[in-house]
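Naming: A, B, ... by sequence-line order, numbering from 1 per chain.
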Protein chains: 4
Amino acid sequence: MRIDLNADMGEGYGAYRIGQDEKLLHIVTSANVACGFHGGDATIMQKLAPLAKEHGVGLGAHPGFDDLWGFGRRAVHMSARDLEYMVAYQIGALQALAAYSGEPLRHVKPHGALYNMAANDEGYARAIARAAKTIDAKLIYAGMPASEMQKAADNEGLAFAREGFCDRLYRDDGSLTPRSEKGAVIDDPEAAAKQALSMAREGEVMTGTGARIKLKVDTLCIHGDEPGAVAVAVRRALERAGIELRAMMPSSPD
Amino acid sequence: MRIDLNADMGEGYGAYRIGQDEKLLHIVTSANVACGFHGGDATIMQKLAPLAKEHGVGLGAHPGFDDLWGFGRRAVHMSARDLEYMVAYQIGALQALAAYSGEPLRHVKPHGALYNMAANDEGYARAIARAAKTIDAKLIYAGMPASEMQKAADNEGLAFAREGFCDRLYRDDGSLTPRSEKGAVIDDPEAAAKQALSMAREGEVMTGTGARIKLKVDTLCIHGDEPGAVAVAVRRALERAGIELRAMMPSSPD
Amino acid sequence: MRIDLNADMGEGYGAYRIGQDEKLLHIVTSANVACGFHGGDATIMQKLAPLAKEHGVGLGAHPGFDDLWGFGRRAVHMSARDLEYMVAYQIGALQALAAYSGEPLRHVKPHGALYNMAANDEGYARAIARAAKTIDAKLIYAGMPASEMQKAADNEGLAFAREGFCDRLYRDDGSLTPRSEKGAVIDDPEAAAKQALSMAREGEVMTGTGARIKLKVDTLCIHGDEPGAVAVAVRRALERAGIELRAMMPSSPD
Amino acid sequence: MRIDLNADMGEGYGAYRIGQDEKLLHIVTSANVACGFHGGDATIMQKLAPLAKEHGVGLGAHPGFDDLWGFGRRAVHMSARDLEYMVAYQIGALQALAAYSGEPLRHVKPHGALYNMAANDEGYARAIARAAKTIDAKLIYAGMPASEMQKAADNEGLAFAREGFCDRLYRDDGSLTPRSEKGAVIDDPEAAAKQALSMAREGEVMTGTGARIKLKVDTLCIHGDEPGAVAVAVRRALERAGIELRAMMPSSPD
């Protein structure tokens, strides 16, 4: 039994710092590195690549909209073609900086609004898949299970890593409770750890209504803005349960 | 006897168009493609890669300062480290879009103010060499002959393509007459063609004082903003003289 | 009987040029000047302000999304508060450059996707009204008649200029036929001139179904990308009909 | 006897935070607010304007190069004309957001590399003066005493506020010891407070060689990145010495 822990990283820009990359590298097994569009820059990318290698953390691209001011959180409507190339651009940029570590990229996980839109929009979901496939057909596409992203990965023949969220409340249909609703974010480290364990071990999660639904995942997301108690508790709980922590890899058969 | 003809391309951005890329592809043998910093974007890069292949034109990266407003023409002072990674980022981005054509990048030629600064600044010149070498040691570094760029290429073990300018007046020391001086730009197509021929065939150029100086070059630059009479005249003159036109390749021994 | 002719201007950026500003200044009576977000820059704004004054053309702000790559044509979702301040910022920037001419700004007309979204979104429409009102309560808000924009202007006590499009086909409900549909853009100069005249003189327009609907307007939009036959024909038709051409001013009672 | 305490503020951008604006507002009497080019955005500007008013802090524009990545710290070479308009743009943008507080801007102090370049470059220094004067001839130009900035202010008839640095070591010629040299930054709160007092009270400062030189100043700069011990110590020392703290105002006769 094994699982991956992923977190977004490298989202600073120039003089701006955000998140706590160095602490996170001790906790996660996969790093989603911002590629300079919603955040991130070449200097940060270059720094993270060897650090990730040193910590045995798998390196992945975290492309977002070309929206630094909005930090990639604003929904932007554009053609799927343009989006595809914009994503390819970002993956390629990170590949170049990853050359400083000699380690290839492992995965691609879209950021913020792009993630949310791609979960439901076939065109966006496929644009990301095509960009990844064109550059390196071995790249793993990470995203929401059973979403348009997973369909796109299947259609393009890319491996897919089903992602679960440790600190977000699920709804009965497997979607996330919107942040605007009360209780949407699980702040309590023990509750988050319990949810992580439930997904990793049983392939299930308890929803806001108290129901238990199936949710098989390959990777668990930890939020980088607060790599404190929650991240540590999740990691510890998984280790205690004897679950192997290992960088993202292709979805195993259910 | 052979030579390469290169031109800067893909320098539009979003809705903005500049230069005449499609016409140039019929004239040149190497394309220096803007990488999204001083100009250029993923959609334009993706379009040019297969077109260059189709025309048998060698694809190269044309990295510049992160200065879209100044079109990379403003001198910017930054650390050589940051510059190195910024250049690597741009090369990688173009590599990703070049994957749509299946053709690898051949060369790297810095743009505008970066070109001018790197000709004289060891740190900048080396930063570009190191970025290229880290990503792909087979990349050719194109730049001013006998400049810091050539030294950097030599020091890093990269092939170097010595570049000559068809439409710029040279000074006796082999440098270019600044654009601010009268006669610095050669507008007359026949005069430009004559200068191109002189560089390609005799490895010499006539300076503003009327002296003839040695200037062995591997590639001749044509300016993309006016792919009209000058570019056509240069190409025709070279063809008539029986000089083989071929994409940039490593400097041959003198 | 009088009407205003407006066009978007100053939408270049740095080395990039777009549209034909100087020709348009001879045709229009109001200029919507880009403010550096979707296009435009300080140097262009500074150049246009005195030129507009010289031609007796009313100067207005043309704020757009902070989306240079998309030229402000991509729909962006953001909070109305942030949008309000972003619009205020743009108006203020243009005011500063207008100080070089000594003429105050007359109007504000949102650009591209922002225009389209504000026509239907109360929050966006009001954000623009509030920004304008905070800076200068005499600014005229230009936009779609009977849209959320007009309501917002009314609610905030701003004058509103109802805008008609000379070269766009209307639908029976007064909205524009989407560009994706055939015939949406009226290319024929005489047809466009006829539509302009109908709006200016009768306050009516013929729709795609052949119906005539009421459409009282205070200003007619000419597209700046082709200030050719259409713009000239519209201007000439209005002049021949004896309609006074005058810079945008508050909506007159119907 | 009175003096102004100024600090740079509002230098975050979108999701990025930098500095400690709210703490500083309790300490300073003038705020130099970033205008969206090297840092800052409309939302931050809008927030600071009323807060500054509430604290009785004078609001000023802090224009910088259009270099968000470099945080305005990279030297950029451009024409004085373009710079002038770029500075005017930024001042106007802040004026618009200041309209939310009803308080006019008091001063303009260039940021980072622009400050350093303008201290020594007549063209840059004058560009800033002209931009300010065109917009509002009552604006105070804040900068290095006896620099090109002061000359430019004099030539344009603008009031000038001579600025001293509490936590930087001076050289015998009145210039600052470069940050690259040891001891260039005064970390010790008591030492900084002593230097502040010496400038405010005696119009003198002790240099790195131990010499005392004349340095009459109207405003003292506190660095916003560490509004901790140094800023507090400086403020307290000035208050204890009975020196009146008051927002920047025109240079008084020596």
Side-chain angles (χ1 to χ4, degrees), chain A residues 10 12-15 33-37 40-50 59 61 63-66 68 76 78-105 108 127-128 130-139, chain B residues 10 12-15 33-37 40-50 59 61 63-66 68 76 78-105 108 127-128 130-139:
Chain A
Y13 184 77
V33 177
C35 299
F37 275 51
D41 65 35
T43 297
I44 297 170
M45 289 151 85
Q46 195 278 339
K47 189 181 169 198
L48 279 177
L59 203 69
F65 284 120
D66 54 330
L68 186 67
V76 176
M78 60 191 294
S79 86
R81 282 269 148 176
D82 286 332
L83 178 64
E84 177 181 339
Y85 307 142
M86 200 172 266
V87 167
Y89 181 103
Q90 295 182 56
I91 299 173
L94 183 59
Q95 275 188 322
L97 277 318
Y100 282 88
S101 74
E103 285 290 308
L105 297 193
V108 175
I128 296 162
R130 282 180 176 146
K133 186 185 178 182
T134 302
I135 295 172
D136 178 358
K138 293 187 300 297
L139 283 167
Chain B
Y13 184 78
V33 178
C35 299
F37 274 52
D41 65 35
T43 297
I44 297 170
M45 288 151 85
Q46 195 278 339
K47 189 180 168 198
L48 280 177
L59 202 70
F65 284 119
D66 53 330
L68 186 68
V76 176
M78 60 192 294
S79 85
R81 282 270 147 173
D82 286 332
L83 177 64
E84 177 180 340
Y85 306 141
M86 200 172 266
V87 167
Y89 181 104
Q90 296 183 58
I91 298 173
L94 182 60
Q95 275 188 322
L97 277 317
Y100 282 88
S101 74
E103 285 290 309
L105 297 193
V108 175
I128 297 162
R130 282 181 176 145
K133 185 185 178 182
T134 302
I135 295 172
D136 178 358
K138 292 189 299 298
L139 284 167

Query raised in the report: Of the backbone (N, CA, C, O) and the side chain (C-beta and beyond), which part of A:Ala98 lies under 4.5 Å from a heavy atom of chain B, both, or neither?
Result: neither
Requested in this report: Output the distance between atom CG (A:Leu139) and atom CD1 (A:Ile128), rounded to the nearest 0.5 Å.
Outcome: 13.0 Å
Query raised in the report: In terms of heavy-atom pairs under 4.5 Å, which option from B:Ala93, B:Ala96, B:Ala131 contacts chain A the most?
Result: B:Ala93
Requested in this report: Could you have a look at A:Arg81, A:Gln90, A:Glu84, A:Met45 and say which one has the most heavy-atom pairs with chain B under 4.5 angstrom?
Outcome: A:Glu84
Query raised in the report: So which part of A:Gln95 gets closer than 4.5 Å to some heavy atom of chain B, the side chain, the backbone, both or neither?
Result: neither
Query - Among A:Ile91, A:Leu97, A:Ile135, A:Leu94, residue most engaged with chain B (heavy-atom pairs, under 4.5 Å) - result: A:Leu97
Report summary line: Smallest heavy-atom separation, A:Pro63 atom then A:Val87 atom, equals CG-CG1, 4.0 Å
Query raised in the report: With no hydrogens and no angle check, is any side-chain donor or acceptor of B:Tyr89 less than 3.5 Å from a backbone partner on A:Cys35?
Result: yes
Query raised in the report: CE/A:Met86 to CD/B:Gln46 distance, rounded to the nearest 0.5 angstrom?
Result: 13.0 Å
Requested in this report: Would you check, one step at a time, whether the test side chain to side chain contact (heavy atoms under 4.5 Å, CB included) holds for A:Lys47 with B:Tyr85?
Outcome: CA-CA 10 Å; A:Lys47 189 181 169 198; B:Tyr85 306 141; over 6 Å; no
